[in-house]
Amino acid sequence: MDPGLLAQHAFNGLMLGVIYALVAVGFTLFFGVLDVIKFSHGDVVMLGAFTALAVSAGLTGAGVMSHPLVLLAMLVIAITLMAVVGALLARLLVLPLRGAPAINVLLITLMAGTVIREGVRLFYPQGSNPKPFPRLLPGGTIEIGSFTLRHDSAILFVIGVAAIVGVYLTLARTRLGLAIRAVAQDPETAAAMGIPLTATVLATFAIGSALAALAGVVNGLYYSEISFNLGLLLGAIGFSAAVVGGLGNVYGAILGGFLFAALQTIGAVALPFASAYKDVFAFAAVIVLMALRPAGLLAERSAERI
Amino acid sequence: MVTGMKLEVRDLTVAYDRADVLMSVSLEASGGEITCLLGANGAGKSTLARAVLGLTVARAGTVLLDGEDVTREPTHRIVARGVGVIPEGRRVFPKLTVAENLHTGAYLVRDRSRVSARFDEVCELFPRLRERLTQLAGTLSGGEQAMLSIGRGLMGSPRLLIIDEPSLGLSPRFVKENFQAIRRVRETGVTVLLVEQNVHQTLAIAQRGYVLSGGRVSAAGTAEELKQHPELIAAYFGGH
Ligand SMILES: Nc1ncnc2c1ncn2[C@@H]1O[C@H](COP(=O)(O)OP(=O)(O)OP(=O)(O)O)[C@@H](O)[C@H]1O
Ligand SMILES: [Mg+2]
């Protein structure tokens with residue numbers, strides 16, 4: 001294949017990988033601290049994207065034309081609001097079910113996700129239709145042979161990678177990160193060291209949901225379109241990526257995100273006659289992977305959690 | 001020197017499901033003393049330690065720290081009053097490094113220079129830990145994990161230290177080192193509540209003690225008194 005085209009596919013794959021990794025890290029963090037699967041996570045991604053869209057519509061309506069300003073406002077507001085939503089979901093739905101079977105949390109968050117999704121569909125103006133997402137990033141391109149790098153994609157890629165690195169450093173280097181890892185390994189002993197369990201769990205859900213909001217905004221800016229049900233596929237992909245990487249393991253989730261994107265890209269390239277089936281190809285490959293490594297790719301290390 | 005915290009447990013009753021594990025247990029521990037809690041397996045010693053920390057909910061009774069009722073407080077608030085914990089089974093965080101484990105013990109200390117001073121003190125107490133600061137705690141030997149657990153419990157400069165069977169499964173040499181470390185801690189004025197099976201060594205360093213059997217205090221007194229006490233022998237060899 002033409003190297004330029006190959007590079008094009010590789011970059012598209014990396015871009016998707018960043019979005020998936022952002023979603024997958026949330027799943028793995030929630031599982032790490034509470035051993036639960038929060039199925040509303042994909043819909044929080046979507047709600048983040050719609051929050052951003054509403055902010056942009058509001059600011060544009062108010063006459064704010066500066067793209068960087070609108071972008072900044074939508075990132076800050078969407079991320080902050082989703083962090084609060086994530087913490088609230090944890091406080092109201094997940095924490096009260098501590099001690100109940102994990103399946104109950106799965107069910108209740110599945111329903112919460114449906115409520116969020118249908119809520120957006122009903123209450124966002126013409127919520128059932130796909131919505132154009134504003135193009136707020138510079139539109140130029142860099143051409144290298146047949147490889148075209150759009151400026152906006154490059155910027156999104158950098159933002160996404162920076163967020164992933166930021167979360168990694170937060171977990172590895174900060175006091176909060178130490179608390180999160182301690183709670184993930186042994187909540188009772190963590191409490192006996194003076195680490196507040198509830199606050200740490202809420203902070204973890206806030207961080208995971210903030211990443212989800214970022215994933216939603218990046219997704220919107222990348223595809224220039226969002227719809228109320230985008231969380232279904234992104235949630236399924238993020239969840240698969242986290243499971244493939246080894247639930248509870250942050251590196252695994254990041255790896256899983258990029259792996260899923262690579263599978264999709266390979267599917268799209270290998271099945272040019274039917275690239276619509278790239279998701280089918282990627283999910284089928286995940287099923288095969290799970291059969292081969294039931295505990296996830298980083299299985300040995302996944303026992304260590306986060 | 002520190003001023004040890006006064007621990008008072010009054011009429012504490014704890015039940016798991018149906019079975020009463022502690023029935024109206026009362027005890028006290030005060031500053032500069034090692035108060036030991038002796039008793040056969042299953043007597044309820046760890047349950048008492050857990051109830052003091054709020055890890056197990058008491059059905060009745062009160063726990064007072066320096067005269068304040070903490071019975072219904074969450075664990076992290078109780079610990080924030082100045083309690084250090086060396087839990088049963090060591091419970092080091094296996095996938096945190098030795099240094100990170102020590103830092104969890106100082107989670108509530110905001111002053112970084114105090115943390116690093118304390119860190120150095122603990123490393124001095126257990127030089128073997130200093131050589132292994134970047135090693136994952138789960139890969140330490142049992143004895144090293146015991147040292148880490150003790151060191152971690154000291155990191156927050158506690159005024160009350162609750163220690164549950166620090167010598168379990170250790171070679172005699174490690175047991176001796178650990179007991180010496182505990183003795184040095186109490187010499188700084190800290191209140192120590194020591195749960196132990198190792199009667200002779202414990203009574204050698206403790207000032208006073210309680211014997212639990214069948215969920216009740218069956219004997220109490222100074223270490224000297226307990227050494228002579230027939231109940232103590234009964235608790236260990238005669239069952240309850
Ligand atoms: N979570 C629990 N659920 C039910 N029963 C429990 C629970 N924890 C402890 N018990 C029971 O309570 C009793 C006292 O246990 P505890 O751990 O306090 O004993 P102990 O004196 O510390 O014993 P050991 O010296 O063996 O550590 C035991 O019979 C134990 O089986
Ligand atoms: Mg015990």
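Below, chain A is the first sequence line, B the second, and so on; all start at residue 1.
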| Going from CD on A/Gln185 to CG on B/Asn101, what distance comes out if it is rounded to the nearest 0.5 angstrom? |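 The distance works out to 7.5 Å.
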| request: Taking atom OH of A/Tyr168 as the centre, report whether more than 12 heavy atoms of other residues, nucleotides or ligands fall under 6.0 Å from it. | output: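 Result for OH/A/Tyr168: open.
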| Counting only heavy atoms not in A/Leu292, do more than 12 sit closer than 6.0 Å to its CG atom? |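 Atom CG in A/Leu292 is crowded, with more than 12 foreign heavy atoms closer than 6.0 Å.
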Heavy-atom closest contact ([X] atom, [Y] atom, distance):
X: A/Glu188; Y: B/Leu55; value: CG-CD2, 3.5 Å
X: B/Thr75; Y: A/Ala191; value: CG2-O, 3.5 Å
X: A/Asp186; Y: B/Phe93; value: O-CE2, 3.7 Å
X: B/Leu96; Y: A/Arg181; value: CD2-NH1, 3.7 Å
X: B/His76; Y: A/Leu197; value: ND1-N, 4.4 Å

| message | B/Arg132: which residues meet the salt bridge (Lys or Arg N to Asp or Glu O under 4.0 Å) condition with it, sequence neighbours left out? | response |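 Only B/Glu144 meet the salt bridge (Lys or Arg N to Asp or Glu O under 4.0 Å) criterion with B/Arg132.
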| request: Begin from the C-alpha positions of A/Arg175 and B/Arg110 and carry the test side chain to side chain contact (heavy atoms under 4.5 Å, CB included) through to its verdict. | output: CA-CA 10 Å; A/Arg175 187 166 172 269; B/Arg110 292 294 194 148; 3.2 Å; yes
Considering only heavy atoms, which portion of [X] lies under 4.5 Å from any heavy atom of chain A: side chain, backbone, both, or neither?
X: B/Arg50; value: side chain
X: B/Arg81; value: neither
X: B/Pro74; value: neither
X: B/Val79; value: side chain

| message | For the interface with chain A, which of B/Pro94, B/Pro87, B/Ala80 has the highest count of heavy-atom pairs at distances below 4.5 Å? | response |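 The candidate making the most pairs under 4.5 Å is B/Pro94.
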| task | Name the member of B/Arg152, B/His103, B/Met155 that forms the most heavy-atom pairs with chain A at distances under 4.5 Å. | result |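 Maximum pair count with chain A is reached by B/Arg152.
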| message | Using modelled atom types and a 3.5 Å cut-off, is there a donor and acceptor pairing between side-chain atoms of B/Glu100 and backbone atoms of A/Leu178? | response |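 Here the side-chain-to-backbone pair does not exist.
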| Tell me, side chain or backbone of A/Ala199 under 4.5 Å from chain B's heavy atoms, or both, or neither? |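 Neither; nothing under 4.5 Å.
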